[in-house]
Amino acid sequence: MNMKQKATAAFLSCLIAVSGASSLVNAADSEPETEPILVTGFEDKDVSKFSKRGDDDTSVIEASTEKPHSGDYCMAVTGRSEGWNGPSVSLAALGCEAGVPYVATAWVKAAWYNECKLSMQYTDADGEDHYVNLTKATSQGEWVQIPQAKFTFSEEWKNVQIYIEANDKAELYVDDFQLSTAPVYPIEQDIPGLKDVYGDYFKIGGAVTASELSNKSCQELVLKHYNSLTLGNELKPENMLDAKATREYYKESGDNTTPKVKLNGDAKYILNFCRDHNIPVRGHVLVWYSQTPRWFFTEDYTQDGDLVDKATMTNRMENYIKGVFEVLAEQYPDVDFYAWDVVNEALEDGGQPRAKGSYEEGNGSSAWVAIYGDNSFIEPAFKFARQYAPEGCKLYYNDYNEYMKVDAMLKLALDLKEKGYLDGLGLQSHLNVTNNATSEAFPTVGMYANALDQFCKSGLDIQITELDATYDHTVKDGEKLQADYYDGIMAAIAKHKDQISACVFWGTTDDQSWRGDRTPLLFDGKFKAKPAYYSITDGIEYTVTTGTTRQEIGQTTSKTTATETTASTGASTPGSSAGKGYDIAGDVNQDGNVTVSDAILLARIVAEDTSASVTDKGREMAELDGETGLTVDDLTALLKQLVGIK
Ligand code: GLA
């Protein structure tokens with residue numbers, strides 16, 4: 001047994017002896033368990049858990065001996081009349097529960113060059129159906145494994161199904177299908193919250209989608225670290241526009257300038273969470289070339305119709321913006337929409353407008369430009385946003401590659417600021433620690449910092465709106481490079497804390513990120529803080545505001561009495577802090593309370609876990625056995641204190 005194993009064993013035996021709390025074993029030490037839900041290679045010829053999608057009479061699902069991937073049988077779906085007519089399993093029928101993370105994978109074989117997707121279907125609280133692709137693999141007529149997908153579903157969703165689809169309707173074979181619960185990883189409660197560390201600087205936030213947030217660990221991560229949320233997709237035009245109601249209203253009234261707006265069940269799921277936990281929201285986004293359907297721009301609201309003229313579109317834009325703010329004010333009067341991205345990504349890198357076209361063309365072309373001929377739709381968008389946004393809500397022009405279009409963005413924004421329509425600029429900040437070809441960063445920290453200096457000199461309010469920094473996993477010491485890069489980027493941002501009012505990450509954990517294969521965030525898929533997290537939190541003195549009432553996930557907010565204390569995350573290496581903190585015996589993690597989290601942290605210290613982060617004050621408060629040095633005896637004393645044994 002090495003030192004770590006000995007200390008852990010000692011921890012476990014005294015934990016069990018003192019408190020009988022054997023359920024903590026997983027949290028402290030071993031890999032969380034998973035439970036198989038449906039794992040089959042079809043060797044028993046049972047395909048009854050799978051049903052057909054679509055209402056054709058021709059497709060058949062059956063066990064087959066057609067060259068299985070393993071064993072003697074696989075499952076065949078033949079006679080399909082659409083690519084999406086694949087085998088589907090109902091999660092409710094399998095006893096799956098909302099909020100629980102699951103993983104699924106399967107081997108598939110389809111006709112030559114078929115993209116085979118593992119997708120999810122559900123009906124939201126408003127009865128609207130959603131179809132989400134989770135993972136995919138291309139079969140070239142041979143067996144291929146669809147990579148494991150991780151997903152969670154919310155309690156408000158009905159008829160949740162996982163299904164397999166392909167591009168064409170040729171026969172589809174499936175083998176070695178696996179659906180299990182995903183391991184549940186608790187978040188690390190014993191590290192400082194980002195929102196506390198940067199509390200004196202700016203808001204710290206993240207983007208989330210409804211599915212991501214339905215995972216309880218994700219909720220805990222958000223509550224611990226973020227004091228701003230951005231809805232990843234749910235407030236974008238494609239989700240806010242109610243096609244059916246818009247077309248019906250047009251048919252009844254002949255008025256083709258008043259698109260109807262609604263919040264779908266997913267938007268409400270996130271907004272309820274923000275309301276219940278008092279989390280301010282960054283609205284994203286009103287006017288954008290992408291994720292805005294072409295029918296919004298056509299004369300009769302049909303997908304392929306002729307585009308309307310400028311005057312009609314301006315009326316339509318006004319009513320859309322008005323509708324968005326109205327629906328939010330009506331349904332979420334208590335949510336603080338402190339910022340909105342009014343226009344997103346209207347400038348090419350050279351500062352010119354996008355090409356004329358539409359979102360559906362998939363080439364970055366814009367229906368706004370197709371109608372207005374240029375970027376002259378931006379000013380009315382801001383004018384209307386100012387007119388209808390609630391008081392105090394700041395309005396931003398948001399864009400990517402901002403370090404390459406500083407002049408164009410400043411020119412646009414300063415003019416609109418002068419007219420009283422705009423408050424600031426949103427810098428997306430999708431960055432690269434390395435790119436594929438070399439280990440060079442793009443942008444370099446220096447390039448980003450220079451651009452930031454210029455943006456901040458303008459006097460405009462600046463928000464970092466979608467921060468993530470990817471690296472190529474073939475590069476040596478990638479995680480370390482990423483940590484150093486984040487350190488430089490955050491130092492550049494923090495330097496301008498008087499001009500920067502929010503810093504928002506695009507996501508929570510790497511596995512849920514849109515750039516997940518290049519792990520761009522501060523937390524990994526196990527909710528563990530990465531070196532990048534430590535690089536931006538170490539060495540910052542901060543003030544913690546703690547409530548006297550503990551708020552549990554799922555409960556509504558209760559008013560809390562705030563107490564303030566100054567803490568420090570220490571010098572450049574985690575665990576070497578020399579800060580002030582709480583003078584509470586046993587408060588190892590310095591969160592103002594003595595709980596089992598302190599015992600877990602102390603166990604990690606005793607086990608010489610070098611990633612355990614503790615301040616000097618925390619170490620001092622862990623000295624409980626009267627002897628200098630942290631040992632199993634201190635841990636036993638802490639456990640006794642926790643369960644009230646003298
Ligand atoms: C852009 C958009 C965001 C989001 C990301 C990718 O940056 O502004 O809304 O779609 O791309 O997820």
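Counting starts at 1 for both ligands and their atoms, in listed order. Remember, predicted model here, so these are calculated numbers, not experimental data.
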Salt bridge or not for Asp415 and Lys419, using N-O below 4.0 Å? yes

Return the OG1 to CZ distance between Thr314 and Phe384, rounded to the nearest 0.5 Å. 6.0 Å

What is the distance from atom CG of Leu412 to atom OH of Tyr397, rounded to the nearest 0.5 Å? 6.0 Å

Set of residues that line ligand 1, where lining means a heavy atom lies under 4.0 Å from it: Lys236, His284, Trp288, Gln291, Asn344, Glu345, Gln428, His430, Glu466, Trp506, Trp514

Do Tyr289 and Asn344 meet the criterion of a side-chain donor-acceptor pair at a distance under 3.5 Å?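 Asn344 and Tyr289 do not have a side-chain donor-acceptor pair below 3.5 Å.
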
Hey, are Asp484 and Tyr486 close enough side-chain-wise for a donor-acceptor pair under 3.5 Å?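 No - no donor-acceptor pair under 3.5 Å links their side chains.
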
Taken in chain and number order and not counting sequence neighbours, the residues that satisfy ring-ring contact (aromatic ring centres under 6.0 Å, His included) with His496 are none

